[in-house]
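Here the structure comes first, spelled out in C-alpha cells, and everything after it is commentary.
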Amino acid sequence: MSPVAAQPKSSLSRLERHVARLEQEHPPLDVTSVDFTVRRPQEVIGRYGRVLDYMARAELEVERNVRELDVLMPEPPELDQYFYRQVWGPQELQHGLILDQLQAELGLPKSAPNVSTVPLKLRVLGGIAHLAAIQDVVRMLYYLTGMTTERSAVLAYQHLYEGLLSMGEDAIAVTAVAPIRRQEPGHYAYYQMSARELWARLTPWQQWLTRRLRSISFAPVGANSPQELRQVGEMMLAFDIRRRGEIDEFARSVARSEAG
C-alpha cells in the first residue's frame, strides 16, 4: 500500500500530499489515447527524427534509473522509494513508449535504451552510502539531478510542442506531447520540495561535499557517451537554439532550478 494512502489525509505532510495528488490526478498515460496522425512525416523526420530518438531513449531508461537509485540509496526514505518506483517511474516509462511508438509510426527504428547496466562509479558511491551522513549527500544529489532533468524536460517538450504546432502537426502535439509535458512539472516540484527540506538539515561539510560532487558529476540526462552528447546538441539545433544568447538563456533556465 502507498505510504500516503495508509495515513489519514489530515496527518500527511505537504510532500506526501503532493505525491498523492500526482498519483491520483496524473496516472500513467495510455499509448492508445494518442492520435499518431502525421500530415507530413518526412518533414517531421527531417526536423525532429534525431530528437525523438534521444527523448524516447532518455525516458525509457527510467528502468535503469530506478535500479541506479536502489544502488545509490540503500536505505531511502519510504516516500522517495514509493515516488520513484510507483509514481515517477511508471509515468516516465509511458512517455518513452509513446515517443517510441511515434517513431515507429514515422517509419523510424525504435530506440535502444540501456535499461540494465549500472555504471561502476555509481556502485562504488552506493557502497559507501550505507553511512547515513553520506546517504544524505547522495539523496541531495538525487534531488538536484531530478530538478535539472525535469526542468530540461519541460523546456524541451515546450519547444517540441510549439514546433509541431507551427508545422501543422496538431494531432501529435496535442495528444502526445502536451500530456507528457503536463506531467513533468509535478516531478520537478517533488524534487524541489525535497531538496529544500533536506538541504536545511545538512551540516556544512555535507553541503560542501554535495557542491563538489555536483560540480564534477553534472551531465545532460541520457548523455553518457560522446555520441549521446551529440544528440543533445542536435536537439538544441532542432529547437532552433543556435545563438549564444539563446544557449546561455537555456542553460540559465536549467541552472536556476538548482540555485532556487
Between L60, V51, I180, V34, which is the residue that forms a side-chain contact (heavy atoms from CB on, under 4.5 Å) with L99?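 So the option named by the test is I180.
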With heavy-atom distances below 4.5 Å as the criterion, would you say the side chains of [X] and [Y] are in contact?
| X | Y | result |
| --- | --- | --- |
| L165 | E169 | no |
| Y142 | Y84 | yes |
| F83 | L22 | yes |
| M193 | H18 | yes |
| R214 | T145 | yes |
| V38 | E105 | no |
| E150 | E92 | yes |
| D30 | Q94 | no |

As an exercise, state the distance from [atom1] of [X] to [atom2] of [Y], rounded to the nearest 0.5 Å.
| X | Y | atom1 | atom2 | value |
| --- | --- | --- | --- | --- |
| I128 | I134 | CD1 | CD1 | 5.5 Å |
| D136 | L131 | CG | CG | 11.0 Å |
| L15 | S194 | CG | OG | 4.0 Å |
| M147 | H187 | CE | NE2 | 15.0 Å |
| N65 | E59 | CG | CD | 9.5 Å |

Between V44 and M167, does the side-chain contact (heavy atoms from CB on, under 4.5 Å) criterion hold? Intermediate values first, please. CA-CA 8 Å; V44 173; M167 297 172 70; 4.0 Å; yes
When clusters are formed from ILVMFWY side-chain contacts under 4.5 Å, directly or step by step, what else is grouped with L120?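 Under the 4.5 Å side-chain rule, L120 groups with V124.
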Given the rule in the side-chain contact (heavy atoms from CB on, under 4.5 Å) test, do S116 and R64 qualify, once you have shown the distances and angles that lead to the verdict? CA-CA 5 Å; S116 59; R64 188 195 76 237; 5.9 Å; no
Any donor-acceptor N/O pair, [X] side chain to [Y] backbone, under 3.5 Å:
| X | Y | answer |
| --- | --- | --- |
| E61 | N114 | yes |
| Q207 | W199 | yes |
| Q101 | V31 | no |
| S33 | L29 | no |
| D35 | A171 | no |

Quick one: closest heavy-atom pair of Y161 and A173, and the distance?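 Heavy atoms only, the tightest pair is CD1-O, 3.3 Å.
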Of all heavy-atom pairs linking G49 and L108, the shortest is CA-CD1, 4.1 Å
Just checking, is any N or O donor in the side chain of [X] or [Y] under 3.5 Å from an acceptor N or O on the other one?
| X | Y | value |
| --- | --- | --- |
| R139 | T210 | no |
| Q183 | H95 | yes |
| Y82 | E23 | yes |
| Q206 | T203 | yes |

If you apply the rule salt bridge (Lys or Arg N to Asp or Glu O under 4.0 Å), what do you find for D70 with R67, and how did you get there? CA-CA 5 Å; D70 285 338; R67 289 195 176 95; over 6 Å; no
Worked check of side-chain contact (heavy atoms from CB on, under 4.5 Å) between L198 and L202: CA-CA 7 Å; L198 179 58; L202 296 183; 4.1 Å; yes
Do [X] and [Y] sit within salt-bridge range, that is, some charged N less than 4.0 Å from a carboxylate O?
| X | Y | result |
| --- | --- | --- |
| D53 | R50 | no |
| R181 | E184 | no |
| R47 | E43 | no |

Under 4.5 Å between side-chain heavy atoms, hopping through other hydrophobics if needed: is there a path connecting [X] to [Y]?
| X | Y | value |
| --- | --- | --- |
| Y190 | Y188 | yes |
| V71 | V115 | no |
| Y191 | V154 | no |

Using ring-ring contact (aromatic ring centres under 6.0 Å, His included), reason through Y54 and Y48 one step at a time and then give a plain yes or no. CA-CA 10 Å; Y54 165 68; Y48 292 126; over 10 Å; no
